[in-house]
Amino acid sequence: MNHLNTKCLIIGSGPAGYTAALYTSRANIEPVLYEGHQPGGQLTITTEVENFPGYPEGTTGTQLMDDIRRQAIKFGADVRSGIISKVDFSQRPFKAITDDNTEITADTIIISTGASAKFLGLPDEQKYMGLGVSACATCDGFFYRKKRVAVVGGGDTACEEALYLSNIASDVFLIVRKDHLRASKVMQRRVLDKPNIKVLFNTNTTGLYGEEFLEGIHLVENVGTENEQHFDLPVDGFFLAIGHKPNTDIFKDFIELDETGYIKTKGHTTATNVEGVFAAGDVADPHYRQAITAAGSGCRAALDVERFLSEQ
Ligand code: NDP
């Protein structure tokens, strides 16, 4: 087994992890960052990014992540591809094991493993990813100006996405598997009052179709009843909003999580319940989930690490 010791181990890439690496490397902390399953995080599965400040012409998610990554490396961050598969935060220095069997000891940890959008599990979801399928209306909604889109889900996220899209697209279809919405009453009211949002209750998506790009979805209404009805709905965009799963499985024995698995942080800081372990980005944020807010919390985590180390 190889060994590696660092003052700060950053687990996970994406805007939070890379920004934390940028700040800690500029503070001479010499961080080591493991990029994880999806280097660059969720942004790399979106198309264009037009709402990250500093890019007046827009950029792509992949380019944006590559830019921040290079900026961190320029100041000395040790960015490694690989996955942290196990951690032990029971004592300091903390321990982490990588998938290629390197044991890392670290004085501080920044967890920035993000959250993954849940998918329906349809075979074609990945095929049309970025070609009509998206898991983020604020990222991709703009590309569906005056077009027809569908959002699947019945919670607050789905309602929020549907409302956001209703100001851009011509028609929004909200596909809800039950006969009611799970979202808060106020969100339900807003959705039901919006003339260009049509809610399809008791409806499930069974497939997607289209030549190069998505052209529509296969639906079934009242599945398993005598009124079961199959039909197709032509749409240009299909937005998944059935929830996110924070990537916290390997931390759950040590780090306090909320009831949906997000890391709990203390007050306005990025500190977790374990002193010396900090969390940044979507892994600790079920609410905002934007690249810029994740980058901001990566910066905060780096400053928290810096303070923690200088106090030790
Ligand atoms: P939720 O878990 O609340 O809702 C998920 C929705 O997706 C449910 O309607 C669920 O249906 C549906 N769903 C799940 N799996 C499938 C599937 N396989 N096929 C079809 N539909 C499916 O997730 P959200 O992301 O909406 O919200 C997460 C948390 O964040 C909530 O606590 C929410 O209140 C909060 N939030 C708050 C916001 C705000 O206050 N502005 C904005 C966004 C989120 P079913 O009901 O049948 O289970």
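Numbering of ligands and ligand atoms starts at 1, following listing order.
The CG atom of Leu22 lies 8.0 Å from the OG1 atom of Thr24; values are rounded to the nearest 0.5 Å. Residue Glu306 holds its CD atom at 10.5 Å from OH of Tyr23, rounded to the nearest 0.5 Å.
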List of N/O pairs, ligand 1 versus protein, all under 3.5 Å?
{"from": "ligand 1", "atom 1": "2 (O)", "to": "Arg182", "atom 2": "NH1", "distance (Å)": "3.1"}
{"from": "ligand 1", "atom 1": "9 (O)", "to": "Gly154", "atom 2": "N", "distance (Å)": "2.8"}
{"from": "ligand 1", "atom 1": "9 (O)", "to": "Gly155", "atom 2": "N", "distance (Å)": "3.2"}
{"from": "ligand 1", "atom 1": "11 (O)", "to": "Arg177", "atom 2": "NE", "distance (Å)": "3.3"}
{"from": "ligand 1", "atom 1": "25 (O)", "to": "Thr157", "atom 2": "OG1", "distance (Å)": "2.5"}
{"from": "ligand 1", "atom 1": "26 (O)", "to": "Asp156", "atom 2": "N", "distance (Å)": "3.2"}
{"from": "ligand 1", "atom 1": "26 (O)", "to": "Thr157", "atom 2": "N", "distance (Å)": "2.9"}
{"from": "ligand 1", "atom 1": "26 (O)", "to": "Thr157", "atom 2": "OG1", "distance (Å)": "3.1"}
{"from": "ligand 1", "atom 1": "34 (O)", "to": "Asp156", "atom 2": "OD2", "distance (Å)": "2.5"}
{"from": "ligand 1", "atom 1": "41 (N)", "to": "Glu160", "atom 2": "OE2", "distance (Å)": "2.9"}
{"from": "ligand 1", "atom 1": "46 (O)", "to": "Arg182", "atom 2": "NE", "distance (Å)": "3.2"}
{"from": "ligand 1", "atom 1": "47 (O)", "to": "Arg177", "atom 2": "NE", "distance (Å)": "2.9"}
{"from": "ligand 1", "atom 1": "47 (O)", "to": "Lys178", "atom 2": "NZ", "distance (Å)": "3.1"}
{"from": "ligand 1", "atom 1": "48 (O)", "to": "Arg177", "atom 2": "NH2", "distance (Å)": "3.0"}
{"from": "ligand 1", "atom 1": "48 (O)", "to": "Arg182", "atom 2": "NH2", "distance (Å)": "2.5"}

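Scored by the ring pair (Phe, Tyr, Trp, His ring centres under 6.0 Å) test, His180 finds no partners at all (sequence neighbours excluded).
A salt bridge between Arg70 and Asp66 is present, with a side-chain N of the basic residue lying under 4.0 Å from a carboxylate O of the acidic one.
Looking at Thr225, its side chain never comes within 3.5 Å of a backbone N or O of Val223 through a donor-acceptor pair.
For Phe239 and Tyr144, the distance between ring centers is under 6.0 angstrom.
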